[in-house]
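See structure below.
Excluded from the calculations below are hydrogen atoms, water molecules and symmetry mates; all remaining heavy atoms, backbone and side chain alike, are included.
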Amino acid sequence: MRLGLALGYWGRGPDPRHVPLAQEAERLGYHSVWTAESWGSDVFTPLTWIAARTSTIRLGTAVAQMAARSPTTTAMHALTLDHLSGGRVMLGLGLSGPQVVEGWYGRPFPKSPLTATREYVDVVRQVLRRQAPVELDGRFHSHPYGGPDGTGLGKALKPITHPLRADLPILLGAEGPKNIAQTTRIADGWLPLYWSPNRPEVYETALAEAPEGFLVAPMAQVRVCDDVAEGLLPVKTMLGFYIGGMGHAARNFHADLMARMGYEEQARRIQRLFLEGRREEAVLAVPDAFADEISLVGPRERIAERLESWRKGPVTDLLALAPDRESLRVLAELNA
């Protein structure tokens, strides 16, 4: 099981710890470092900044939101950074949800998410292969564009720049069972939002047809500390925000995932509290047991024991949301 460092996205401004943490992760032998985006900092610029200050660590997006860019634009970002970094890019893509897609990007959320994802990946792969001009007679991502409001003058093109790698890895941040199953067919890997090594049955059917070499790269908050309850508070804060605030009351993919993992009643309560403006109560309503099983928190010995269950399943890459150098170092030593 390889290790990655997940930096997430910025808050109010850039985090001065990110580049030093990425450099430390590289020194410790971590395989990859990952950035993210929501409705603030973008995913590619910080990754380029890190690329310029490292030399071997892989550079991943977890995730680049599909609504933020056309698939050809995303492919241009990926092939450009792949050249500049010497072939280190891993392209993680995600569809996001209706609140973000329509509220922030000002675009309709696709009525058929699986089709939209499949078309998006198809176009990106065509760009990276550069075997012919990009052409797709699609529902969401037609190339050339042929809609009724177009000029009809669009021309099929292939990239001027020759991509460094036609097989640049593409991973998808999928949550629903059908979306995960499709991911095993069209992508090189999967980026689970929550992963519990104690509940393999949650994803067993969706991953049943995953090919050999398919990447499973979940994120987990990692913190070496004496007080487990205190160490879980950042995990619960994250869960309270995602389950309560990252989605509509009637359509929240994160809450639905928590429900499928055996915490339906608690997930709906967190949603209700958050939407009522009772955010602190929503965080406290996150069960310690759920926060604990999707993270690695506590003294070194406890993390060492729990890490074994992560190794036994299909996880190929553990992406650590680690707040400090000490946690990064301990995880690297335990995984050696």
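The main-chain N or O of F109 is found under 3.5 Å from a side-chain atom of E102 such that the two form a donor-acceptor pair. With hydrogens and angles disregarded, a donor-acceptor distance shorter than 3.5 Å links the side chain of E26 to the backbone of S55. In this structure, R279 contributes its side chain and L273 its backbone to no donor-acceptor pair below 3.5 Å. T35 places no side-chain N or O within 3.5 Å of a backbone atom of P46 that could act as its donor or acceptor partner.
Salt-bridge annotation for E308 and R311: present, with a side-chain N of the basic residue lying under 4.0 Å from a carboxylate O of the acidic one. Under 4.0 Å is where a charged nitrogen must lie from a carboxylate oxygen, and between R260 and E175 no such pair does. The pair E293-R306 does not count as a salt bridge, with every side-chain nitrogen at least 4.0 angstrom from each carboxylate oxygen. Taking a cutoff of 4.0 Å between a charged side-chain nitrogen and a carboxylate oxygen, R69 and E37 qualify as a salt bridge. Ion pair K236/D288 flagged as a salt bridge, since at least one NZ, NE, NH1 or NH2 atom sits closer than 4.0 Å to an Asp/Glu carboxylate oxygen. By the 4.0 Å N-to-carboxylate-O rule, D82 lies close enough to R165 to be salt-bridged with it. Using a 4.0 Å cut-off between charged side-chain N and carboxylate O, R125 and D188 make a salt bridge.
Hydrophobic clustering, with ILVMFWY side chains joined whenever heavy atoms are under 4.5 angstrom apart, groups V101 together with V123. In this structure, V89 is a member of the same hydrophobic cluster as V127, with clusters built from ILVMFWY side-chain heavy atoms closer than 4.5 Å. Linking ILVMFWY side-chain heavy atoms closer than 4.5 Å, directly or via other members, places L321 and L21 in two distinct hydrophobic clusters.
Atom NZ of K158 is surrounded by more than 12 heavy atoms from other residues, nucleotides or ligands within 6.0 Å. Annotation: R269, atom CZ; neighbour count of heavy atoms from other residues, nucleotides and ligands within 6.0 Å does not exceed 12.
No close placement of the Y105 and W39 rings is indicated, their centers lying 6.0 Å or farther apart.
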